[in-house]
Amino acid sequence: MTTPDPTDVHPAWLPPAAYRAVGSRHTLVHGDGPLVDTVFAEVQRACAEHGGTVRRTGDGPPVQLVLALTAHRSAARPDATPTATQSGRTPNAARPGSPETAVRPGWTEAVDPGPLGVNVDAARADLAAAGGGPLGPEGFAVVRPGEVTVVLADDQAGLLYGLFQVVRLGEAAYGPPHPARVHRPAMRRRMLDHWDNVDVHPVMGQVERGYAGGSIFWRAGHPRRDRDRVRAYGRLLAACGVNAVSVNNVNVHATEARLLTDRLDEVAEIADLLRPYGIRVHLSVTFAAPVVLGGLPTADPLDEAVREWWAETTQRVYAHIPDFGGYVVKADSEGQPGPFSYGRDHADGANLLAGPLEPYGGVVHWRAFVYDHRQDWRDRSTDRARAAHDHFAPLDGRFRDNVIVQVKHGPMDFQTREPVSPVIAAMPGTRLAVEFQVTQEYTGQQQHVCYLAPWWSELLRFAPWGDGERTVADVAADGGGLVAVSNVGDDPFWTGHPLAQANLYAFGRLAWDPKLRPEAVLDEWLDLTFAPATSADPALLRRTLHQIMDDSWRSYERYTAPLGVGFMVRPGHHYGPDVDGYEYTPWGTYHFADRDGVGVDRTRATGTGFTGQYPPPWSQTYESLAACPDELLLFFHHVPYDHVLHSGSTVVQHIYDTHFDGVAEVEATCRRWEWLAGLVDPTVHARVTERLAEQLRCAQEWRDQVNAYFHRKSGVPDAHGRPLH
């Protein structure tokens, strides 16, 4: 295979310099299979750049790096179900009865890899001494028993991930001897959803909620033909740990629906391009497909003709794409068709699609983003936050085992600050995937610096049942893993804002290991992307990037919607401030500000009862005005403007202060970025400078509009005498 080398795009976290430590050494790659071929091609390219050598036999000069399989696969029968490596499945998943638990054809016992030019017995002994058992289909170990660094993996995907770990380590991979360090992903699925349209949508464009140009898969109704861009994307994803991608919008329009049938070859081509990087392709489908594609009079999930249509269609899909991942479905949500039309529920709908997928090891990602978007804002008992729990919690235990209910991390819609969704704690008998949004729809739309890993880390470490109990990360790891909406487009910098690349990288790394510290992940990303050690002032570069990015999410929160309020954005495109833009609309009501106070009463005692959807202790914490965390106060309570926060400030003074502080922080960011001129690529510096100018303008607009609004509502002046416009 040819390793992609597109010259018109930024290399992101895989520039040639990131491979210097690997490419300047002598390496041996041992094993067979397409992903091992990818490993070899990666090292070969690095050696061509940096002067090292790579081979696949034991003969030759002494090597400093060995990448070896501890087992090999025999050739599977042509008619056999794809092996775990080919399909991306985990052969021994934790859930009994799952199609993923079957041991697939083609596996053999571990065999001696033969003479490698170095003796790896010590490395294998160290691995055995680690006592961790099999590494699994994606796990690997890095061992340095002497002067040679050895990466061992049970299967091909593990070897690929092991190579990228060595790339991350750089020269540190070749330091003092150390015993086996075992790495296994916490999540079996680490998936990105692309909200890409095949046709250009008249409102949402080529990519819905996309802020980095057009789609890398589609252009104006047709597949894009720059295949190297897709290969390069797969390479970037593998390097941060992502192993699944959905290639089209969850809002499935007429053209996109046909990807399931007469345009399936186009999906198969994408799958061919991503497969060498261990990435499995999924497809968003419309629940109404039997009607709009099959000509049936109904899509009723209990209708036998409908069941047969899905079975035949799914069989054709796997004939084209043997390692196809499965379907993603948005149903009975924001106008998308679903089982409600036939008097059925979400379990009926999801199970309809799960049945035909099960023999192939495929899954259904059934999104739980379901609410009434035509509600009466005058009815204060109606609460959009309650909707997902109201719809899905009663169905727990009724979904087939290869159904994954995909739950947004918060109860609303990726707002800058939300509590964790109570659905995550409410469905112990259902496989759940937790959904993040890497594309920054409500966090600056990749015009603003907003490093999201600190927020995601908080969410993943949150314990719904109290301290010491299982966390959100534990629920996701036991169920359907982590899913996020991609922030990639055809922009030369991939994400529009070069610093937004860190969010995509961080999602993959946190999906692999939710316990990683956000600042450590940022260090990995900037080491790979900017290579500080090669700059004129490494300390200044590293320190300044951390100052700009570490607290950027909280800075964004300070100058936008306060204390857990959401949707103070301009309707439609959701960029920039409009305090009442969505207030008193059918989509919901979010702050209820009046002359006396602000916030939504979601208590059981006097409000919508939403707090009761949480288990103890959080149901009591959120119910209590005294105990509720400041950052979520207005999400759960309606309070007067002079209510005193735990910080000692009143609510209205907090609003004023944080909005002034947020703008000051953006001003400091702009100054700091100027210091890096000459230390980073000039094109990167110019693009970030342009985006920071817009961020400062927008932050000032947020400050002025929000402060003026609440000054008019409350009549309370700023305690520091600053102008409130």
Side-chain angles (χ1 to χ4, degrees), residues 186-187 189-190 368-369 385-386 388-389 392-393 396 404-428 430-438 442-443 450-485 503 506-521 550-551 553-554 556-557 563-566 602 610-624 627-637 646:
M187 312 286 170
R189 278 184 186 77
R190 307 173 300 278
F369 185 52
R386 291 185 53 104
H389 189 283
F392 283 88
D396 185 39
I404 296 172
V405 174
Q406 187 167 312
V407 182
K408 291 190 178 186
H409 66 76
M412 299 298 279
D413 189 14
F414 303 126
Q415 298 304 293
T416 311
R417 178 78 72 167
E418 295 184 46
V420 164
S421 170
V423 178
I424 294 170
M427 302 186 72
T430 303
R431 302 179 74 180
L432 299 180
V434 177
E435 182 179 359
F436 292 160
Q437 192 184 51
V438 186
Y442 297 101
T443 52
C450 190
Y451 179 50
L452 296 171
W455 184 22
W456 296 336
S457 183
E458 282 188 16
L459 295 167
L460 290 166
R461 289 184 282 108
F462 181 81
W465 296 274
D467 291 344
E469 301 296 329
R470 296 172 71 238
T471 65
V472 169
D474 293 330
V475 174
D478 290 344
L482 288 184
V483 182
V485 185
N503 288 328
F507 168 75
R509 294 293 288 136
L510 289 173
W512 181 280
D513 183 359
K515 295 180 181 178
L516 288 171
R517 294 179 298 109
E519 57 271 23
V521 174
D550 279 343
D551 204 39
W553 160 56
R554 294 180 183 88
Y556 184 86
E557 181 183 26
L563 299 171
V565 169
R602 291 190 164 101
F610 173 70
T611 58
Q613 292 186 341
Y614 289 89
W618 292 105
S619 54
Q620 292 95 331
T621 299
Y622 294 146
E623 179 79 8
S624 166
C628 185
D630 283 351
E631 65 269 18
L632 292 172
L633 179 70
L634 302 186
F635 191 95
F636 287 104
H637 296 274
H646 296 105

For the residue pair Leu459 and Phe436, establish whether any side-chain heavy-atom pair is separated by less than 4.5 Å. yes
Would you indicate whether the side-chain heavy atoms of Glu435 and Val485 approach each other to under 4.5 Å? yes
So, Thr621 side chain and Pro617 main chain: donor-acceptor pair closer than 3.5 Å or not? yes
CZ-CZ distance between Arg386 and Arg602, expressed to the nearest 0.5 angstrom: 10.5 Å
With side chains defined as the heavy atoms from C-beta onward, is the minimum distance between Val434 and Ile424 less than 4.5 Å? yes
Residue pairs fulfilling salt bridge (Lys or Arg N to Asp or Glu O under 4.0 Å) with at least one residue in residues 451-472, sequence neighbours excluded: Arg417-Glu458, Glu458-Arg554, Arg470-Asp478
First locate atom CH2 of Trp455, then atom NE2 of His409, and finally report the distance between them rounded to the nearest 0.5 Å. 4.0 Å
Using every non-hydrogen atom in the two residues, find where Arg189 and Ile404 come nearest and quote the distance to one decimal. NH1-CD1, 3.8 Å
Distance check, rounded to the nearest 0.5 Å: Glu623 atom CD versus Phe610 atom CZ? 12.0 Å
So, Gln613 side chain and Pro422 main chain: donor-acceptor pair closer than 3.5 Å or not? no
Non-neighbouring partners of Trp512 that pass ring-ring contact (aromatic ring centres under 6.0 Å, His included), sequence neighbours left out: Tyr161
Would you mind reporting whether Leu460 and Leu482 have side-chain heavy atoms less than 4.5 Å apart? yes
Sequence-distant partners of Asp513, side chain to side chain donor-acceptor pair (under 3.5 Å), two or more places apart: none
So CG of Leu452 and CG of Asn503: to nearest 0.5 Å the spacing works out to 4.0 Å
Separation of Thr443 OG1 from Trp553 CH2 (nearest 0.5 Å): 11.0 Å
Nearest non-hydrogen partners of Ala433 and Val483, listed with the distance: CB-CG2, 4.0 Å
Is it the case that Thr416 and Glu557 place a side-chain donor and acceptor less than 3.5 Å from each other? no
Do the rings of Tyr614 and Phe636 sit parallel, tilted or perpendicular, given the 30° and 60° boundaries? perpendicular
Nearest atoms (heavy-atom pairs only) where Ala453 meets Pro518: O-CG, 3.8 Å
Please give me the minimum heavy-atom distance between Pro428 and Asp396, naming the atom from each residue. CD-OD2, 3.1 Å
With a 3.5 Å distance limit and no angle check, can you tell me whether Glu519 reaches the backbone of Asp550 through a side-chain donor-acceptor pair? no
Is there a side-chain contact between Val423 and His389 (heavy atoms, below 4.5 Å)? yes
So does Ala511 get a backbone contact from the side chain of Trp456, meaning a donor-acceptor N/O pair under 3.5 Å? no
For the residue pair Phe635 and Cys628, establish whether any side-chain heavy-atom pair is separated by less than 4.5 Å. no
Heavy-atom side-chain contact between Val475 and Leu432 under 4.5 Å: yes
Sub-3.5 Å donor-acceptor pair from the side chain of His637 to the main-chain atoms of Tyr622, do we have one? yes
On a heavy-atom basis, the closest approach of Ala463 and Trp618 is O-NE1, 3.0 Å
Of all heavy-atom pairs linking Ala186 and Pro514, the shortest is CB-CD, 3.5 Å
Drop me the distance from Lys515's NZ to Arg517's CZ, to the nearest 0.5 angstrom. 14.5 Å
How about Phe369 and Gln406: do any of their side-chain heavy atoms sit closer than 4.5 Å? no
